[in-house]
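Keep in mind that what you see is a predicted model, and the values were worked out from it rather than measured. FYI, side chains are in, hydrogens and waters are out, and symmetry mates aren't considered; it's all heavy atoms of this structure.
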Amino acid sequence: MKKILLLSSVFTFCTIAFLSTLNTTNASSSLPNVGNAGAPMDNAGQTCTSCHGGTATQTTGVISSDIPASGYISGTTYNFTVTMSGAASYGYEITPQTPTSNVGLGTLISAPGSSVSTKYVRQSIEKTGASATWTFKWTAPATAPTVTFYGAFNYANNNNNSSGDVIKTSSVTYLANTTGIADAAKQTSVMIFPNPTTEQLHISNNELLSEGKILDVNGNITKIVSEQELITKSVSVSELATGVYFLHISSENGKNHFSKFIKN
């Protein structure tokens with residue numbers, strides 16, 4: 001009877017240990033939970049630190065694409081690459097949104113090693129070694145003037161738990177084809193003055209404005225127009241470098257307006 005009890009105890013211990021091993025996830029395990037890409041309006045900007053702890057740090061050069069400097073064209077599919085290095089294993093999650101909305105923009109298309117779930121693309125297999133690369137595709141939307149790809153990236157130590165992992169965030173903003181935007185700017189009912197300008201840009205428009213942003217010719221957001229500036233319809237541009245920019249404003253009735261201006 002004692003032998004039977006002893007064997008039973010050993011079996012129970014081994015079973016618990018085995019199940020414990022199964023439940024121990026790798027720091028960059030496949031298919032991370034969605035909603036952790038760091039987009040400002042998506043789960044309050046939550047990143048992978050919700051599972052791995054610590055504080056996310058910003059980085060650059062992780063997200064790249066073949067979208068030209070002239071901007072993306074609606075309905076065109078572009079290639080994206082995620083490149084990471086300097087850790088033992090790697091994982092990522094990316095979503096295309098805007099700074100003021102959590103709506104996913106365009107259509108994500110998975111590639112080997114990547115998986116798409118609604119407005120998110122993430123790794124479907126863990127990659128280890130000195131560096132890791134994933135690819136995916138994205139078809140540009142019909143109406144969005146800008147899209148920002150927000151991403152959270154796990155640089156893991158591969159110790160089979162979440163301790164010691166480093167989470168980094170990165171984002172890249174793309175503008176719709178600037179030729180199309182320039183044409184839209186010529187047709188808009190919104191007038192801005194003075195143009196060129198050095199300090200202030202005034203908006204002549206009778207609509208109530210809900211949001212606004214200033215973009216450079218590469219589609220990068222250089223300034224988010226404040227609520228007070230939308231109310232007074234006077235936007236400070238003194239902090240901008242000399243160059244050509246686009247003012248994008250949205251009215252409360254759902255209209256979008258683009259105006260091209262020069263900052264001296």
(request) Decide side-chain contact (heavy atoms from CB on, under 4.5 Å) for Ile109 and Val116; before the verdict, give the C-alpha distance in whole Å, the side-chain angles of both, and the deciding distance to 0.1 Å. (result) CA-CA 7 Å; Ile109 304 168; Val116 171; 5.7 Å; no

(message) On a heavy-atom basis, which atom in Leu108 and which in Pro96 lie closest, and how many Å separate them?
(response) CD1-CD, 3.8 Å

(message) Let me confirm one number: the CG-CG distance from Asn264 to Asn195, rounded to the nearest 0.5 Å.
(response) 9.0 Å

(message) For Glu227, is the CD atom crowded, meaning more than 12 foreign heavy atoms sit under 6.0 Å from it?
(response) no

(request) Report, as yes or no, whether the 6.0 Å neighbourhood of atom CG on Asn206 holds more than 12 heavy atoms from other residues, nucleotides or ligands. (result) no

(request) Find the distance between CG (Leu215) and CZ (Phe246) and round it off to the nearest 0.5 Å. (result) 8.5 Å

(request) Apply the test side-chain contact (heavy atoms from CB on, under 4.5 Å) to residues Asn157 and Asp165: give CA-CA distance (whole Å), side-chain angles for both, the deciding distance (0.1 Å), then the verdict. (result) CA-CA 6 Å; Asn157 57 14; Asp165 297 338; 3.3 Å; yes

(message) A side-chain contact here means heavy atoms from C-beta on lying under 4.5 Å apart; do Lys223 and Glu229 qualify?
(response) yes

(message) With heavy-atom distances below 4.5 Å as the criterion, would you say the side chains of Thr197 and Ile192 are in contact?
(response) no

(request) Determine the minimum heavy-atom distance between Met41 and Pro99, stating which atoms define it. (result) CG-O, 3.3 Å

(request) Hey, could you give me the OG/CZ distance between Ser115 and Phe136, rounded to the nearest 0.5 Å? (result) 12.5 Å

(message) Can you give me the closest heavy-atom contact between Pro145 and His248, atom names plus distance?
(response) CG-CE1, 3.4 Å

(request) Going by the side chain to side chain donor-acceptor pair (under 3.5 Å) test, name the single residue among Thr76, Thr107, Thr77 that passes it with Thr139. (result) Thr77

(request) Would you check if Phe80 and Val172 make a side-chain contact, meaning some heavy-atom pair closer than 4.5 Å? (result) no

(request) Would you please indicate if the ring centroids of Tyr72 and Tyr78 are separated by under 6.0 Å? (result) no

(message) Counting only heavy atoms not in Gln58 (residues, nucleotides, ligands), do more than 12 fall under 6.0 Å from its CD?
(response) no

(message) Quick one: does any side-chain atom of Ser170 pair with a main-chain N or O of Gly151 as donor and acceptor, under 3.5 Å?
(response) no

(message) Restricting to non-hydrogen atoms, name the atom on Glu207 and the atom on Lys233 that form the minimum distance, rounded to 0.1 Å.
(response) O-NZ, 2.8 Å

(request) State, to 0.1 Å, how close Val34 and Glu93 come at their nearest heavy-atom pair, and which atoms those are. (result) CA-OE1, 3.4 Å

(request) Could you pull out the closest heavy-atom pair between Ala132 and Lys127, with the gap in Å? (result) CB-CB, 3.7 Å

(message) Any non-hydrogen side-chain atom of Tyr150 less than 4.5 Å from a side-chain atom of Asp42?
(response) no

(message) Measuring only between side-chain heavy atoms, which start at C-beta, is Val62 closer than 4.5 Å to Val82?
(response) yes

(message) As a quick check of understanding, evaluate side-chain hydrogen bond (donor to acceptor under 3.5 Å, both in side chains) for Thr173 and Thr148, giving each step before the final call.
(response) CA-CA 4 Å; Thr173 298; Thr148 299; 2.7 Å; yes

(message) Between Glu211 and Ser250, is there a side-chain heavy-atom distance shorter than 4.5 Å?
(response) yes

(message) Do Ile224 and Leu175 sit in one hydrophobic cluster, given that two such residues count as connected whenever their side-chain heavy atoms are within less than 4.5 Å of each other, even indirectly?
(response) yes

(request) Would you confirm whether Asp66, through its side chain, and Asn79, through its main-chain N or O, come within 3.5 Å as a donor-acceptor pair? (result) yes

(request) Show your reasoning for whether side-chain hydrogen bond (donor to acceptor under 3.5 Å, both in side chains) applies to Tyr92 and Ser114. (result) CA-CA 9 Å; Tyr92 82 96; Ser114 294; 2.7 Å; yes

(message) If the condition is salt bridge (charged side-chain N to carboxylate O under 4.0 Å, His left out), which residues does Glu199 pass it with, not counting sequence neighbours?
(response) none

(message) Side-chain heavy atoms nearer than 4.5 Å, only ILVMFWY residues, links allowed to pass through others: does that put Ile67 and Ile73 together?
(response) yes

(request) With the side chain counted from C-beta on, respond yes when Val235 and Ile203 share a heavy-atom pair under 4.5 Å apart, and no when they do not. (result) yes

(message) Rounded to the nearest 0.5 Å, what separates atom CD1 in Ile214 from atom CG in Leu247?
(response) 5.5 Å

(message) What's the separation between atom CZ in Phe153 and atom CD in Gln123, rounded to the nearest 0.5 Å?
(response) 10.5 Å

(request) Could you pull out all residues at least two apart from Lys263 that satisfy salt bridge (charged side-chain N to carboxylate O under 4.0 Å, His left out)? (result) none

(message) Contact between Val121 and Trp134 at the side-chain level, heavy atoms closer than 4.5 Å - yes or no?
(response) no

(message) Using a 3.5 Å distance criterion without hydrogens, assess whether the side chain of Ser117 forms a donor-acceptor pair with backbone atoms of Tyr120.
(response) no

(request) Decide side-chain hydrogen bond (donor to acceptor under 3.5 Å, both in side chains) for Thr222 and Tyr245; before the verdict, give the C-alpha distance in whole Å, the side-chain angles of both, and the deciding distance to 0.1 Å. (result) CA-CA 9 Å; Thr222 58; Tyr245 295 90; 5.6 Å; no

(message) Please report the interatomic distance CG(Leu230) to OG(Ser251), rounded to the nearest 0.5 Å.
(response) 11.0 Å

